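Data first, discussion second: the structure below is written as structure tokens.
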Amino acid sequence: MLTKYNPAEIEKKWQKIWDEENTFAAENGTEKPKFYALVEFPYPSGQGLHVGHPRSYTALDVVARKRRLEGYNVLYPMGWDAFGLPTENFAIKNHIHPEIVTKNNVARFKSQLQALGLSFDWTREINTTDPEYYKWTQWIFLQLFKHGLAYKKEMSVNWCTSCKCVLANEEVVNGVCERCGGEVVHKVKSQWMLKITEYAQRLIDDLDLVDYPERVRAQQIHWIGRSTGAQVTFQTTAGQPVEIYTTRPDTLFGATYMVVSPEHPLIEEWMKSGVLQNIDQVRAYQEAAAKKSDFERTEVAKDKTGVKLEGVMAINPVNDREIPIFISDYVLVSYGTGAIMAVPGHDTRDWEFAKKFGLPIIEVVKGGDVEKEAFTDCATGIMVNSGFLDGLTVEEAKKKIIAFLTEKGIGESKVNFKLRDWVFSRQRYWGEPIPIVHCPHCGFVPVPESQLPVRLPMVESYEPTDNGESPLAAITDWVNTTCPVCGAPAQRETDTMPQWGGSSWYFLRYCDPHNDKELASKEALEYWMPVNWYNGGMEHTTLHLLYSRFWHKFLYDIGVVPTPEPYAKRTSHGMILGENGEKMSKSRGNVVNPDDIVNEYGADTMRLYEMFIGDFEKAAPWSSASIRGCRRFLERVWALGESLVSGDGVRPQLEISVNKTIRKVGEDIENLKYNTAIAAMMALLNELCDAGGATREEYRLLLLLLNPFAPHMTEELWERMGYGGQLAHAQWPKYDPAKCVEETVEIAVQINGKIRTRLQVPTTAGAPEVLALAKADEKIAPALEGMQLVKELYVPGKLVNLVVKPA
RNA sequence: GCGGAUAUGGCGGAAUUGGCAGACGCGUUAGAUUCAGGUUCUAAUGAGCGCAAGCUCAUGGAGGUUCAAGUCCUCUUAUCCGCACCA
């Protein structure tokens, strides 16, 4: 063969062949076992591919390629999550239509991905901005609407002043916009909402049905934030009762005041009815609270503020004591009932507030010093100053008080979630139009399914407006329509969906991407779902991952999909950092462009390096020095093929190494341990070189093992060596467990836990035999002289430990 | 503050149920080859002591359990990620 390894040439060659032959196309409706591998489809940004993308894509490509060799029908698809703000902003700035921008970006991304030799089934490529795709995104929205899970609500929302757009709670990070870092303020707007809260419990419970990493599980559970407590009714001197929520109903006797959020609706009533005496003061506080941005609100979270409501008192239902009512922004209108009973003795926030406003602090659980700080540790305490609860433990008191409240009809046990409903409206152009018509007579009317998709109108200007209206609102001949029910003049909904819409079900579309009758056929879904292995970033844990589980559960409930969960197994890769250990970013100047790496070293080296860089689940800094080691390894593999040694099959002295490597590479790939799988292949290569070269069969096995990582090079060598057919259609090698065991093992011999010598013993030797050998050893025997043998241990295949003491 | 994780050579990282710490790679050093340089090959490479056989110390820190601890327990420090007035 005697040619130099030239990745540029052979990579192009094989990419062309794979493309022309559709080598990696998945088949619907075969008898073969299926395997559905999925990676998060990218947002085709203007910057092109990042070196972080291939880490995830290559990892599952390795799995997908291995599964194919193992005889599976593999679905490993790719597509584009192409709606979104950066495209729209770029389009506005450069006066190019977002559709064109998207097309260009997709073309660039696709060629970059293809240059990496990823075995995606490109016949199933999808694009969320394709009307044939978003038709079904809209269809799902209509089903949600018809089942009462999509509703419109006047509410205070997060408004990004820079994007000029509403954000979901999940999109607000540290009080600023997750995407652009812009200031987020509150704005009261009428918004489409999705009732994800209806699924809160199931989104927690069904985590037991799937295989997710602990950190993902924990983060989702924490985000959903279930708590159990009680809702209790407090009467007031003004007449109207106030409902409060507490997780500590046992401390009810210690409630010395009440706090309601500044937005609590009862305040308006008390103003109107005239019972409230300090209206001006209360108004001023409400306005100040409303004006604060999310950022300020979290910044100044330390110091408690508030105003007492003069003229109205609440009545503690267990002892009929009148207690004052305050408003304070430490109570959130959106959680629980927007009102709390304050127990300063046993809640830190209440304690701070009570100290500041000079309110009484009553100890109701013994064990702390409530004058010094709130005693919140409820596990140990015994109830005091609590009437009929005195002497009980906290747990007993909780049960007893809830029984008491329930019997009197003034309270009940109650579960609350931190999870809020999903704000689903965006006031931007480049998104799926929400398929609803506003009719003055009929209200919100769904667009008939036969009229889907509601296409985005082609327009000249799609700039966001300062008044908070969608740019679509200005396109009157699109907005004005007729009511599908009564035929009267009506108007289209002008808000669009958030980017999370299209990505909440895309994995279903891959099963049957060209279906124009359904989002995917029943047969296709039953065959392919659930996704067997889904890899993606941690940043999507509380956004995409939660949203898509919610949509999927809904679709399951209405009989569209066959599984309660979309993804059987989820894994998460670590980030690839810049060479300086910091996150890669343009401003830090540490960005590595994958194109440059492919050009300089080839795609196979790039793939191999990204899999070898470190623990797959952890962040790892890029190293331009280390990547050379990967290229060197491939060159050595190449060179090994040039001088095969004669011999049939695997030579006896290499049988064990070869079998062990086959086992290790296979197992490591399944366990996300790509780095050690590669290390094992490197070790085998070293051994083959030490043995003077590889036989034809040994080399063939090495190429098979390496193929998922370096598919082009191994395919080329497979052809040159004439192993027959294409490697892509070959069979993954099997190992013989009997041949993974050496004939002799090296045993460490310790005296009192310190290693004295090493011994070769037959693998089959039993404990007495090995111990006898050890004790007779020339290094060990003298050391045992005059000592008393207290204990002798033999760990099979590992070590002997002789415990001695002076006789 | 709460939740999750991490800490091992100069660097990235290995290490089944507790059982020989540092696999594999990078880097470095020496030598060989080629030479304009890179490439390639061989050897060495945790630290300290020793001519050597060898010894001692080493997995963020301090204790503990154990014949045996990177691994288990307690405390502690640092870093990263997520959440954060959620009653």
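Naming: A, B, ... by sequence-line order, numbering from 1 per chain. Because the structure is predicted, anything quoted here is derived from the model rather than measured. As a basis for the values below, the full set of heavy atoms in this structure was taken, side chains included, without hydrogen atoms, waters or symmetry mates.
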Under-4.0 Å side-chain N/O to phosphate OP1/OP2 contact, [X] with [N]:
{"X": "A:Y330", "N": "B:A87", "value": "no"}
{"X": "A:R226", "N": "B:G3", "value": "no"}
{"X": "A:R628", "N": "B:U39", "value": "no"}
{"X": "A:K664", "N": "B:A15", "value": "no"}
{"X": "A:R636", "N": "B:C41", "value": "yes"}
{"X": "A:N675", "N": "B:G12", "value": "no"}
{"X": "A:R217", "N": "B:G82", "value": "no"}

Pairing partner of [N] (Watson-Crick or G-U wobble, both distances under 3.5 Å):
{"N": "B:U16", "value": "none"}
{"N": "B:U34", "value": "none"}
{"N": "B:G1", "value": "B:C83"}
{"N": "B:U28", "value": "B:A44"}
{"N": "B:U65", "value": "none"}
{"N": "B:G70", "value": "none"}
{"N": "B:G54", "value": "B:C49"}
{"N": "B:A78", "value": "B:U6"}

Which nucleotide sits closest to the side chain of [X]: [options]?
{"X": "A:F612", "options": "B:C24, B:A21, B:C55", "value": "B:C24"}
{"X": "A:T676", "options": "B:A14, B:A68, B:G3", "value": "B:A14"}
{"X": "A:S227", "options": "B:G13, B:C41, B:A87", "value": "B:A87"}
{"X": "A:K618", "options": "B:G19, B:C85, B:A7", "value": "B:A7"}
{"X": "A:K304", "options": "B:A87, B:U56, B:C85", "value": "B:C85"}
{"X": "A:K754", "options": "B:C57, B:C41, B:A87", "value": "B:C57"}
{"X": "A:K798", "options": "B:G4, B:U6, B:U16", "value": "B:U16"}
{"X": "A:D329", "options": "B:A15, B:C57, B:C85", "value": "B:C85"}
{"X": "A:D615", "options": "B:A14, B:A87, B:G4", "value": "B:A14"}
{"X": "A:A683", "options": "B:G13, B:C24, B:G27", "value": "B:C24"}

Spacing between [X] atom [atom1] and [N] atom [atom2], to the nearest angstrom:
{"X": "A:L577", "N": "B:C80", "atom1": "CG", "atom2": "C1'", "answer": "10 Å"}
{"X": "A:L332", "N": "B:C85", "atom1": "CG", "atom2": "P", "answer": "6 Å"}
{"X": "A:E617", "N": "B:G82", "atom1": "CD", "atom2": "C1'", "answer": "16 Å"}
{"X": "A:N752", "N": "B:C67", "atom1": "CG", "atom2": "P", "answer": "11 Å"}

Heavy-atom donor-acceptor pair, A:D604 side chain to A:M713 backbone, under 3.5 Å: yes
Spell out, as yes or no, whether a donor-acceptor pair under 3.5 Å connects the side chain of A:T676 to the backbone of A:A679. no
Closer to the 5' end of RNA chain B via nearest nucleotide, is it A:Y245 or A:H222? A:H222
First encountered from the 5' end of RNA chain B, between A:I340 and A:A748: A:A748
If I pick the [atom1] atom on [M] and the same atom on [N], what distance separates them, to the nearest angstrom?
{"N": "B:C80", "M": "B:C72", "atom1": "C1'", "result": "25 Å"}
{"N": "B:U77", "M": "B:G18", "atom1": "C1'", "result": "25 Å"}
{"N": "B:A52", "M": "B:A69", "atom1": "P", "result": "30 Å"}
{"N": "B:U17", "M": "B:U71", "atom1": "C1'", "result": "11 Å"}
{"N": "B:C57", "M": "B:G63", "atom1": "P", "result": "15 Å"}
{"N": "B:G12", "M": "B:G46", "atom1": "C1'", "result": "16 Å"}
{"N": "B:U42", "M": "B:G61", "atom1": "C1'", "result": "42 Å"}
{"N": "B:A36", "M": "B:G27", "atom1": "P", "result": "24 Å"}

Under 4.0 Å between any heavy atoms, over every strand shown, what does [X] touch: base, sugar-phosphate, or nothing? Just pick one.
{"X": "A:Q750", "result": "base"}
{"X": "A:N686", "result": "sugar-phosphate"}
{"X": "A:T247", "result": "sugar-phosphate"}
{"X": "A:A619", "result": "sugar-phosphate"}
{"X": "A:E746", "result": "base"}
{"X": "A:R420", "result": "base"}
{"X": "A:L793", "result": "base"}
{"X": "A:K673", "result": "sugar-phosphate"}
{"X": "A:I755", "result": "sugar-phosphate"}

A:H346 to A:F375 - nearest heavy-atom pair and separation: ND1-O, 2.8 Å
Closest heavy-atom pair, A:R248 versus A:T246, reported as atoms and distance to 0.1 Å, is N-OG1, 2.9 Å
Identify whether the distance between the nearest side-chain nitrogen and carboxylate oxygen of [X] and [Y] falls below 4.0 Å.
{"X": "A:E792", "Y": "A:K775", "result": "yes"}
{"X": "A:E214", "Y": "A:R570", "result": "no"}
{"X": "A:E742", "Y": "A:K660", "result": "yes"}

Please confirm whether A:F326 and A:F353 have ring centers closer than 6.0 angstrom. yes
Less than 6.0 angstrom separating the ring centers of A:F633 and A:W638, yes or no? no
Kindly indicate whether the side chain of A:K418 and the base of B:C83 share any N or O donor-acceptor pair separated by less than 3.5 Å? no
Under a 90° cut-off about 0 for the syn range, is B:G9 syn or anti? syn
As a test of understanding, state which of A:Y199, A:W422, A:W223 forms a ring-ring contact (aromatic ring centres under 6.0 Å, His included) with A:Y547. A:W422
